J.: 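Structure in structure tokens, see below.
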Amino acid sequence: MAQNGKLLLTLDSEAVLTLKSGVNFKKSQEDGKCYIIYKDEHGVKACKNQCKHQGGLFIKDMEDIDGSVVRCTKHYWKLDASSMKYVNPPDSFEQDQLAVVWKDGNLLLMEVCPPDPWLVDPRDQEELEVGEVMVTYLTHACMELKLGSKRMLFDPWLTGPAFARGWWLLHNPPDNSLEKLCKADFIYISHMHSDHLSYPTLKTLSERCPDMPIYVGDTSRPVFWYLDRSGVTLTNINVVPFGIWQDIDKHLRFMILLDGVHPEMDTCIIVDYKGHMILNTVDCSQPNKGRLPHGVDLMMSDFAGGAAGFPATFSGGKYTESWKTMFIKNERKKLLNYKVQLVKSLQPKIYCPFAGYFTEAHPSDKYIKEINLKNSAEELNSLIKKHIPEILAWTPKPGAVLDLGLALRDRSNSEAITDPPPGTQIYKKRWEFDQYVNHLDSFIDDEIFRHAGWVQFYYTWAGFKNYDLVIRVVETDEDFNPLPEGYDYLVDFLDLSFPRERPDKVRPYVEIKNRVGVIRHVVKRRRDPDCFGTHFDLALTLVSRTGSGEIQMYTTTGSGPTSKQACP
């Protein structure tokens with residue numbers, strides 16, 4: 001299929017004359033979308049005004065002398081528009097450029113669009129029988145799809161915590177969830193974050209069905225990167241290319257697509273059964289760079305926000321309680337608006353918010369839970385019903401079932417969605433904290449931690465350097481009180497040295513308090529699968545960009561720096 005070009009913005013000859021040397025910000029009057037145009041003696045470059053990290057808006061960087069650098073309002077990433085490369089963090093992303101076309105003195109910004117892969121080998125829709133396609137919500141991002149004679153599961157996190165001990169399931173999975181997992185015909189796992197790749201859950205699966213077919217996308221950070229260290233034995237993992245239909249039987253196929261913001265790890269999926277499409281965008285910030293099928297029968301996406309330790313666990317400088325409260329409120333509002341606009345633009349027949357039903361349940365994380373408020377599915381669906389009333393908005397409960405055939409015939413049919421019986425326990429009340437926290441704490445007295453040399457060994461092994469940031473790491477007890485017998489050390493990532501005193505105060509600097517059980521578990525296991533992408537990573541990738549102010553960070557989970565590229 002051939003590529004096609006999409007016109008995004010037109011500047012007439014008069015508007016072209018007003019372009020100044022350096023950075024120009026322009027907004028489309030038609031759809032309100034924003035663009036950056038950089039002009040110099042060599043010509044014009046242009047891009048969307050959207051940060052590749054998490055989609056924030058760029059503004060002029062007041063610290064920039066040359067007038068070529070813009071700063072993201074969300075996490076302070078910086079883009080040099082003259083080269084279209086990010087300079088903070090260095091050696092990370094490169095911004096996608098738009099095509100600049102001149103026509104009769106007018107300037108046209110064009111986006112060259114790749115062909116839509118789901119249009120390859122199109123299939124006519126066949127009418128679905130009652131009970132032929134049944135979608136059952138289990139918990140968080142885990143859905144069971146009955147598609148004719150086949151059963152498929154998404155992202156099974158059914159037991160234990162995610163991110164070491166930071167997240168716990170909000171919803172109580174149905175009693176037969178593990179049975180459903182083991183009876184599935186195949187499983188799709190979107191990415192390596194442990195609320196989607198749950199090793200406690202997969203351990204049970206591997207003990208009962210080690211040869212269960214599991215499908216993942218061919219990301220540069222493999223989903224099962226750490227399988228050999230996990231203690232989980234799975235023998236039928238299928239890594240598939242992006243944008244190509246995978247045929248299961250004559251009626252059923254699926255296609256995995258890459259995220260535009262985090263292509264190294266995030267994926268989403270389209271399932272096609274008898275010409276009826278189910279789109280699951282999971283956690284993708286910009287699934288397939290924003291090009292998705294319109295009018296699918298069922299669309300699912302995340303909704304909650306409040307996923308990171310930033311800024312809930314930060315203190316010092318501008319990070320007052322009122323600032324954090326307002327920041328979190330604004331971020332939640334922006335996410336809600338984005339989801340509503342996405343659903344409005346794609347016009348699915350049915351929409352279901354999922355992949356957001358988690359909580360910081362451990363008693364010692366009470367503060368984080370209270371300040372790190374999240375969007376509710378009810379709130380999002382209320383907005384969708386208000387602005388797009390023709391779409392059926394489904395707020396799932398554990399064990400609830402959507403009969404897709406019934407819903408497509410009549411979205412007002414009360415029998416299309418079957419909720420769990422009255423009295424069913426929807427929310428979890430017990431999480432078996434001790435079982436998992438004790439496992440983490442079992443590494444505290446390991447032999448290696450009797451020798452101070454482990455600090456230098458670990459950070460040298462991790463290899464993160466040539467970055468202007470100094471951190472102080474303090475080992476603490478359960479309540480983040482420094483341990484008298486714990487380690488307290490500095491790391492200078494510019495040259496990967498370990499100074500005894502804090503360097504010059506103009507250097508970017510952050511203090512991190514880590515619970516001793518978590519940090520030692522991570523160090524001992526190295527890049528442990530249950531700890532990847534956690535709050536310690538966020539400290540390195542976010543705090544360092546706030547300038548030279550002193551910032552403390554408390555983290556319930558932890559992972560060493562993994563690369564020069566920023567973590568999500």
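Given the structure is predicted, the values throughout are model-derived calculations rather than measurements.
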J.: Nearest heavy-atom pair of Met143 and Tyr137: which atoms, and what distance?
T.: SD-CA, 3.4 Å

J.: Take Glu360 and Lys369 through the test salt bridge (Lys or Arg N to Asp or Glu O under 4.0 Å) and record every step on the way to the result.
T.: CA-CA 5 Å; Glu360 297 91 346; Lys369 181 179 179 180; over 6 Å; no

J.: May I ask you to test the Leu279-Leu292 pair for a side-chain heavy-atom distance under 4.5 Å?
T.: yes

J.: Does any N or O in the side chain of Lys324 come within less than 3.5 Å of the main-chain N or O of Phe314, such that one atom is a donor and the other an acceptor?
T.: yes

J.: Heavy atoms only: give me the nearest Pro353-Pro396 pair and the separation to one decimal.
T.: O-CD, 3.6 Å

J.: Just by distance, do the side chain of Asp259 and the backbone of His262 share a donor-acceptor pair under 3.5 Å?
T.: yes

J.: Output all residues satisfying side chain to side chain donor-acceptor pair (under 3.5 Å) with Ser376, sequence neighbours left out; order by chain, then residue number.
T.: none

J.: Just wondering, do Leu170 and Lys428 contact through their side chains at under 4.5 Å, heavy atoms?
T.: no

J.: Could you give me the CA-CA distance, side-chain angles and deciding distance for Lys52 and Asp96, then say whether salt bridge (Lys or Arg N to Asp or Glu O under 4.0 Å) is met?
T.: CA-CA 9 Å; Lys52 261 198 166 184; Asp96 296 325; 3.5 Å; yes

J.: Would you check if the side chain of Asp155 reaches a backbone N or O of Cys142 as a donor-acceptor pair within less than 3.5 Å?
T.: no

J.: Looking at Leu490, is its backbone amide N or carbonyl O close enough to the side chain of Arg472 to form a donor-acceptor pair, meaning the two atoms are under 3.5 Å apart?
T.: no

J.: Hey, which of Lys374, Lys333, Arg332 is the one that makes salt bridge (charged side-chain N to carboxylate O under 4.0 Å, His left out) with Glu379?
T.: Arg332

J.: Salt bridge check, Asp61 against Lys78: does any charged N sit closer than 4.0 Å to a carboxylate O?
T.: yes

J.: Parallel, tilted or perpendicular: which describes the rings of Trp323 and Tyr319, with under 30° parallel and over 60° perpendicular?
T.: perpendicular

J.: Ignoring hydrogens and geometry, is there a side-chain-to-backbone donor-acceptor pair from Asp80 to Met84 under 3.5 Å?
T.: no

J.: So Tyr427 and His171, would you call those rings parallel, tilted or perpendicular, with 30° and 60° as cut-offs?
T.: tilted

J.: What's the shortest heavy-atom distance between Pro89 and Tyr467, and which atoms?
T.: CB-CE1, 4.0 Å

J.: Under 4.0 Å between a Lys/Arg side-chain N and an Asp/Glu carboxylate O for Arg507 and Asp468?
T.: yes

J.: Please report whether the ring centroid of Trp461 lies less than 6.0 Å from that of Tyr458.
T.: yes

J.: For the residue pair Gly517 and Asp441, what are the closest heavy atoms and their distance?
T.: CA-OD1, 3.4 Å

J.: Near Lys397 NZ, under 6.0 Å, is it more than 12 heavy atoms from other residues, nucleotides or ligands?
T.: no

J.: Would you mind reporting whether Asn514 and Phe480 have side-chain heavy atoms less than 4.5 Å apart?
T.: no

J.: Are Cys182 and Leu205 side-chain neighbours, meaning at least one heavy-atom pair lies under 4.5 Å?
T.: yes

J.: Got Leu181 and Leu178 here, is their nearest side-chain heavy-atom distance under 4.5 Å?
T.: yes

J.: Less than 4.0 Å between a side-chain N and a carboxylate O, is that true for Arg450 and Asp445?
T.: no

J.: We want to know whether Thr136 and Arg151 form a side-chain donor-acceptor pair, criterion being a heavy-atom distance below 3.5 angstrom.
T.: no

J.: Would you mind reporting whether Tyr436 and Trp431 have side-chain heavy atoms less than 4.5 Å apart?
T.: no

J.: For the pair Phe310 and Phe327, evaluate ring-ring contact (aromatic ring centres under 6.0 Å, His included) and give the outcome as yes or no after the intermediate values.
T.: CA-CA 10 Å; Phe310 179 81; Phe327 179 89; 5.4 Å; yes

J.: Between Asn288 and Gly290 (side chain of the first, backbone of the second, donor and acceptor by atom type, cut-off under 3.5 Å), is there such a pair?
T.: no

J.: Indicate the atoms forming the closest heavy-atom contact of Gly260 with Lys289, along with that distance.
T.: CA-CG, 3.7 Å

J.: Is it the case that the side chain of Ser177 and the backbone of Pro173 share a donor-acceptor pair, with hydrogens and angles ignored and the cut-off at 3.5 Å?
T.: no

J.: Checking the side chain of Thr159 only, and the main-chain atoms of Pro200 only, is there a donor and an acceptor separated by less than 3.5 Å?
T.: no

J.: What are the two closest non-hydrogen atoms of Phe449 and Ile444, and how far apart are they?
T.: CD1-O, 3.9 Å

J.: So, the side chain of Tyr338 versus the backbone of Ser285: is there a donor-acceptor pair under 3.5 Å, distance only?
T.: yes

J.: Just wondering, do Phe224 and Val216 contact through their side chains at under 4.5 Å, heavy atoms?
T.: yes

J.: Answer yes or no: are there more than 12 heavy-atom neighbours, outside Glu501 itself, under 6.0 Å from its atom CD?
T.: no

J.: Does the pair Glu478/Arg165 count as a salt bridge with the N-to-O cut at 4.0 Å?
T.: yes

J.: Please identify which of these residues, Trp157, Phe354, Trp168, Tyr357, meets the ring pair (Phe, Tyr, Trp, His ring centres under 6.0 Å) condition with His140.
T.: Trp157

J.: Closer than 4.0 angstrom, basic N to acidic O: yes or no for Glu475 and Arg515?
T.: no

J.: How about Phe154 and His196: are their ring centroids closer than 6.0 Å?
T.: no

J.: Would you verify whether the NZ or CZ of Arg71 falls within 45 degrees of the ring axis of Tyr76 while also being under 6.0 Å from that six-membered ring's centre?
T.: no

J.: Can you tell me if CG on Asp175 sees more than 12 non-hydrogen neighbours from other groups inside 6.0 Å?
T.: no

J.: Can you check side chain to side chain contact (heavy atoms under 4.5 Å, CB included) on Ile237 and Leu227, steps first, answer last?
T.: CA-CA 11 Å; Ile237 296 171; Leu227 182 62; 3.6 Å; yes

J.: Taking Asp495 for its side chain and Ser497 for its backbone only, find out whether a donor-acceptor pair lies under 3.5 Å.
T.: yes

J.: Going by side chain to side chain donor-acceptor pair (under 3.5 Å), name the pairs with one or both residues in residues 206-219, residues two or more places apart or in two chains.
T.: Lys203-Glu207

J.: Can you classify the ring geometry of Phe93 versus Trp77 as parallel (below 30°), tilted (30 to 60°) or perpendicular (above 60°)?
T.: parallel

J.: Is it true that atom NZ of Lys334 has more than 12 heavy atoms of other residues, nucleotides or ligands lying nearer than 6.0 Å?
T.: yes

J.: Return yes if a side-chain donor-acceptor contact under 3.5 Å exists between Tyr86 and Glu94, otherwise no.
T.: no

J.: When you compare the side chains of Gln286 and Gln50, does any donor N or O come within less than 3.5 Å of an acceptor on the partner?
T.: yes

